[in-house]
Amino acid sequence: MIIICGVPGTGKTTLCKKIETELGFEYKSDWDVLKKFYFVDFIKRFKDNKIVFDVDLRNIKDKDFQVLKENNKSTYFLGFYDIKASQLSETLGDLTTLEKYLNISSYYRKVCQDLNLKYYIINKDRLLTIENLFKEIKESVMKVADKEELLVVLDENGKSSGKMEKRSVVHKNRLFHNEVALWVINDNKILLQRRSPYKKQFPNKLALCAGHVVGEETLLEALYKEAREEIGIDLSKYEVKLITTLKREEENNYCFSHHYYIKADIPISEFIIQEEELSEVMYKDFTWFKENMKNGNEEISYKWTSEYARLFDEIEKIIKI
């Protein structure tokens, strides 16, 4: 998450829109966010998501600055300094309002200095300052992208090519790779999870606990990691069995998806969800899931194919429907 803070007129919304358009971030204004979340809770929950958050300094309480300090590398403060209200654009308000903005800027500049937070001075050359700041942010984003997880590239038969590529490259170029998925089976019910509304792909959709096999991970290492991180369960306590492997050739996702299952009566209250990824977990009747997926229910992340039909046949044998 990139957090852009400032008083009205500093150009923060212009900057956020530029980050959204050119760097592919999802834009969220505090007007949208603060109706649903407390400021600090939103940042803590979604700090690892690709979001640019536009915040009016007047909506930040002094006690909230600690969480901004913790996210100092991705937080930018914009304010006026050493400029008179009469030098600002008339479209920003009357002189009394502009004087207020200048006073707020002066106060928060002192706060930022005390906490060693980045503070960018906006003067008459506002657009130039915004452009220079965008270049700095872009450079920072590119450095993070260089640390993007690597996936092993497979051939069309699922054999390793011996090469690794960044995750974004793999999906953009439709390169085959490994993914894992976990079915938690409780009698005739299965565990589903609802993806976070802030996920770029399939927000609010129902899905399985699943993920990529990263780097030199084994399939089971990746599965155990996803279960631990997404739903907070330790698979070493259960008997994990392979169901089957699907060859999926979908838009921007060519993969071999290895499906495993456990049989366990785990209360919903015992799952610890990764809130930046999920909003909830639930048990659903297996037949409901199958029929709704076959009928194209848009609440479900997956689309029915012959490969999924084969998978569901195998699960029916396990559940003994």
Side-chain angles (χ1 to χ4, degrees), residues 151 154 156 158 167 170-171 174-213 219-220 222-223 225-227 229-233 235 238 240-268 271 273-321:
L151 307 181
L154 309 176
E156 62 181 14
R167 176 174 170 170
V170 165
H171 283 281
R174 297 181 175 182
L175 302 177
F176 281 107
H177 58 283
N178 281 319
E179 295 185 6
V180 290
L182 175 69
W183 294 74
V184 178
I185 300 174
N186 185 352
D187 290 330
N188 64 341
K189 297 184 182 296
I190 56 161
L191 185 79
L192 295 176
Q193 54 192 41
R194 190 175 301 280
R195 291 167 62 85
S196 163
Y198 294 100
K199 292 293 290 181
K200 187 172 183 180
Q201 299 224 344
F202 308 115
N204 279 325
K205 304 286 187 181
L206 295 176
L208 298 166
C209 176
H212 294 84
V213 179
L219 297 179
L220 284 177
L223 187 75
K225 178 191 69 178
E226 292 297 332
E229 291 181 352
E230 289 194 357
I231 55 177
I233 63 172
L235 287 183
Y238 305 93
V240 179
K241 293 184 178 181
L242 177 67
I243 305 171
T244 190
T245 297
L246 309 185
K247 184 179 182 180
R248 295 169 57 190
E249 298 178 72
E250 302 165 7
E251 184 179 359
N252 295 329
N253 192 24
Y254 277 47
C255 72
F256 286 86
S257 182
H258 308 272
H259 286 249
Y260 294 82
Y261 78 95
I262 61 172
K263 284 189 172 182
D265 181 10
I266 307 172
I268 290 295
F271 291 102
I273 67 172
Q274 187 178 16
E275 292 185 339
E276 60 266 29
E277 296 287 333
L278 317 175
S279 59
E280 62 176 328
V281 293
M282 68 196 76
Y283 283 114
K284 283 284 192 181
D285 185 85
F286 171 76
T287 302
W288 177 92
F289 186 49
K290 177 181 178 180
E291 292 305 313
N292 276 271
M293 190 167 159
K294 286 178 71 174
N295 292 331
N297 186 335
E298 293 186 357
E299 189 181 13
I300 298 172
S301 298
Y302 316 114
K303 302 300 180 186
W304 188 259
T305 64
S306 59
E307 283 288 270
Y308 275 112
R310 182 170 63 81
L311 169 66
F312 276 74
D313 286 345
E314 293 299 322
I315 297 172
E316 285 182 347
K317 296 175 186 177
I318 296 167
I319 297 179
K320 298 180 180 178
I321 293 177

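Along the sequence shown, the residues carry numbers beginning at 1.
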Quick check for you: to the nearest 0.5 Å, what is the distance between [X] atom [atom1] and [Y] atom [atom2]?
| X | Y | atom1 | atom2 | result |
| --- | --- | --- | --- | --- |
| I319 | Y261 | CD1 | OH | 10.0 Å |
| R174 | C255 | CZ | SG | 13.0 Å |
| E291 | D285 | CD | CG | 10.0 Å |
| C209 | I233 | SG | CD1 | 7.0 Å |
| N292 | K294 | CG | NZ | 11.5 Å |
| I243 | I315 | CD1 | CD1 | 4.5 Å |

Find out whether [X] and [Y] are in side-chain contact, i.e. whether some heavy atom of one side chain is under 4.5 Å from a heavy atom of the other.
| X | Y | answer |
| --- | --- | --- |
| I262 | L235 | yes |
| Q201 | R195 | yes |
| L191 | I268 | yes |
| Y302 | L208 | yes |
| L219 | Y260 | yes |
| Y238 | V184 | no |
| N295 | W304 | no |
| I231 | E226 | no |

Nearest atoms (heavy-atom pairs only) where [X] meets [Y]:
| X | Y | answer |
| --- | --- | --- |
| A227 | L182 | CB-CD2, 4.1 Å |
| E230 | A210 | OE2-O, 3.2 Å |
| F271 | V281 | CB-CG2, 4.0 Å |
| A264 | N186 | O-CB, 3.5 Å |
| M282 | R194 | CE-NH2, 3.9 Å |
| F286 | E316 | CE2-CG, 3.3 Å |

Whether the side chain of [X] engages the backbone of [Y] through a donor-acceptor N/O pair (distance < 3.5 Å, no angle test) should be reported.
| X | Y | result |
| --- | --- | --- |
| R310 | T305 | no |
| S279 | S196 | no |
| H258 | T244 | no |
| K205 | E298 | yes |

Under the side chain to side chain contact (heavy atoms under 4.5 Å, CB included) criterion, do N253 and E179 qualify, and how do the steps go?
CA-CA 10 Å; N253 192 24; E179 295 185 6; 3.1 Å; yes
Determine the interplanar angle of the F312 and F289 rings, folded into 0 to 90°, and report it as parallel if under 30°, tilted if 30 to 60°, perpendicular if over 60°.
tilted
Can you classify the ring geometry of H259 versus Y308 as parallel (below 30°), tilted (30 to 60°) or perpendicular (above 60°)?
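The rings of H259 and Y308 stand perpendicular, inter-plane angle above 60°.
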Go through the steps for H177 and H212 under the test side chain to side chain contact (heavy atoms under 4.5 Å, CB included), then give the verdict.
CA-CA 8 Å; H177 58 283; H212 294 84; 3.5 Å; yes
Heavy atoms from other residues, nucleotides or ligands near NZ of K303 exceed 12 (cutoff 6.0 Å):
yes
Might you work through the side chain to side chain contact (heavy atoms under 4.5 Å, CB included) test for Y283 and I266, ending with a clear yes or no?
CA-CA 10 Å; Y283 283 114; I266 307 172; 3.8 Å; yes
Under 4.0 Å between a side-chain nitrogen and a carboxylate oxygen: does that hold for E156 and K247?
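Here E156 does not pair with K247 in a salt bridge, since their nearest N and O are not under 4.0 Å apart.
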